Amino acid sequence: MKFNKLSQLFSDLESTTKRLEMIDFLSKFFEDLKEKEDYRDIDKIIYLLQGQLTPNIKQFPKMGLAEKMIIEAISLHSGINSKRIKEILIKQGDIGATAEFILSKKKKQKSLFDYNKVEEISGSSLEILELYSELKKIALTEGIGSHDTKLGILRGLISKCSPLETKYLLRIITSTLRVGVQSQTIIEGLTLAFTGKRDNKGVIERAYSLSPDLGEISRILVEKGLVEVKKVDIEYGTPILSMLASREIYTEFTNRLGVPFVAEYKLDGERLQIHKVGENITLFSRRLLDISFQYPDVCKVIRENVKANKVIFEGEVVAMDHFYEKMLPFQVLSKRRRKFDVEDISKEVPVCLFVFDLLKFGEESFVDKSLSFRRKKLEEIIDEKDELRLVKSVLINSTEELLSFFNTARKEGNEGIMAKSIQENS
DNA sequence: TTTGGCTGCCC
DNA sequence: ATTCTGC
DNA sequence: GCAGAATGGGCAGCCAAA
C-alpha cells in the first residue's frame, strides 16, 4: 500500500470529532484491504495508525528526533532559517502543519502542477513498506554523527512525500499524530470491518489487553478469524496492559461501591509488572518497557522469596529508608531510573517492592479471578522481607473505618488509598 | 573534557 | 500524573 | 462516563558544540 492512502485516512479522521464517523472512516479503509485481500502490511498500518513504529512490547528504540530537530530538517530542506520556521510553528501550532504549509508553497513555486496531482498520475507515492524501513533506520541510528544521519534519512523521506504526507510523517516521528484515534477506536473499526458486528468489540479488546500488539491481533483476525483472537491469553514474557485507576475523593468510595469494599494503600513509587519464569525475572514498566536492569536488587529478592516457579504479578516499587522504616518520595526513587552505576545507586537508594496483584500462576490465568482469591494466593507464595512485602489491604465496613484507614495511610507517608470492589467480576 | 540542548519516560 | 473537550 | 488530547514536574542519557 502507498503512504498517500494512509495519509488520506489520517486527513479524514482529523476532519471530524465524531467518534462514529471516525469508526466509519476506519472500517471503510479496512474493508478496502479486505476487498483487495491485501493484508501484507496490515500490522505496520496499524502501528502507524497508533502513531508508532512497533507495539510497546517490542522494546524497539524511539526515533530520538523530535520537534527541534524536525525544525532543523525543514530548514535544511526548504532553505528557510529555523527562526522563521519557529514563528510559523507558533502560528500553525503543529510541526506537521508547519511543514505542510512551507512545502506546499515551495512545491507550487517549483512546478506548475499541483504536486499531489502529479503524484496521483505517476503513482509515485512512497510505499508504506519503504517508509517503514526508513523510519526504522532513523530509530536505530546512534553514536557520533547520528543527528546528521537521522536528518539525512528524514530529508530523503520528505523529498518523496507530498506536503500532506509530510505532515503526518513528521507527526508520527514526533509522537504527536493526534488524529483523534487510538487503540479503542481502531478496535471498533477493525470489529466492524472484519466481523460485521459491533458486539465483537469486547473479544478484540480483551485480546489486545492480554497481548498488547494490535498489529499482531489484526493479523490473527484477518488471517485466522475471530475464533483465534478469542484464544489469545496472558503469556509469560508478554506484559499485559495495566488497569488504570480513576481518581476520586475517598469519601465517595462508599457511595460508589457500598460496603464492604477493599481499600489499599496508594504508594508513591513506580509500577512494576513482574514475570518470573524459574530464576528468570523480568520487570516491565507501566508503558511495558523492560526495565529489569534498573532493579537487580528487586529481581534478587523476588528470585529468593517468591515461592512459585512461574508467576506474573504486579507491585509498586518505592524508595525506602529501611533503618527508619520510612517511605521516601517519588523523586528519590527516580534516581534509580538509570543505565549506569546501577549497583552503586541500588545501595544509595534502597527500595521495597509492595506487591498488590496476581495475574498468572503456573499455567492458570488469574485475571478473571476474584480479588480475594488473587490476594490469598499472593499471600501463599510470597515470603515477606524488608524489601518485599504485600501492600496493606483491609476490608472497609463503615465510614468510620474508611476515615481511620485514610488517616493512617497518610500518616505513614502514602499518597492516599485505593478502593477495589469485592464483586467477582471486577 | 565539560557543558547544555534535546529527547524520552516516570509520575 | 492532572485537566479539559466532545460525544 | 469514555476516549483522546493537552499539559506539567523532574530525572537520566545522548550527542554536538564549546
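Protein chains get the first letters and strands the later ones, always in sequence-line order, with residue 1 at the start of each. Remember, it's a predicted structure, so these values are computed and weren't measured experimentally.
- A/Glu401 meets the side-chain hydrogen bond (donor to acceptor under 3.5 Å, both in side chains) test with no other residue; sequence neighbours excluded.
- A side-chain hydrogen bond (donor to acceptor under 3.5 Å, both in side chains) check over residues 86-97 of chain A, counting only residues at least two apart or in different chains, returns the pairs A/Arg84-A/Glu87, A/Asp94-A/Arg171, A/Asp94-A/Arg178.
- Among residues at least two apart or in separate chains, ring pair (Phe, Tyr, Trp, His ring centres under 6.0 Å) pairs with a member in residues 141-175 of chain A are A/Phe10-A/Tyr168.
- A/Leu20 comes within contact range of no nucleotide atom at all, as no heavy-atom separation falls under 4.0 Å.
- Screening residues 407-416 of chain A for salt bridge (charged side-chain N to carboxylate O under 4.0 Å, His left out) gives A/Lys266-A/Glu415 as the qualifying pairs, with residues at least two apart or on separate chains.
- In this structure A/Leu371 satisfies the side chain to side chain contact (heavy atoms under 4.5 Å, CB included) test together with A/Val262, A/Arg374, A/Lys420, sequence neighbours excluded.
- Scored by the side chain to side chain contact (heavy atoms under 4.5 Å, CB included) test, A/Lys230 finds A/Val203 as partners (sequence neighbours excluded).
- Applying the salt bridge (charged side-chain N to carboxylate O under 4.0 Å, His left out) test to every pair with at least one member in residues 328-349 of chain A, sequence neighbours left out, gives these pairs: A/Asp297-A/Arg336.
- With sequence neighbours excluded, the residues satisfying side chain to side chain contact (heavy atoms under 4.5 Å, CB included) with A/Thr141 are A/Ser146, A/Thr149, A/Lys150, A/Ile153.
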Check: What string of B, S and - do you get for nucleotides 1-11 of chain B, 5' to 3', if B is base contact, S is sugar-phosphate-only contact and - is no contact with any protein heavy atom under 4.0 Å?
Finding: -----SSSBBS
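- Proximity of residues 339-351 of chain A to DNA chain D (heavy atom under 4.0 angstrom from any strand atom) is restricted to A/Lys339, A/Phe340.
- You can see that DNA chain D meets the heavy atoms of chain A within a 4.0 Å-exclusive cut from D/dA3 to D/dA16, reading 5' to 3'.
- Bracketed by its first and final contacts, the part of DNA chain C lying under 4.0 Å from non-hydrogen atoms of chain A reaches from C/dA1 to C/dC7 in 5' to 3' order.
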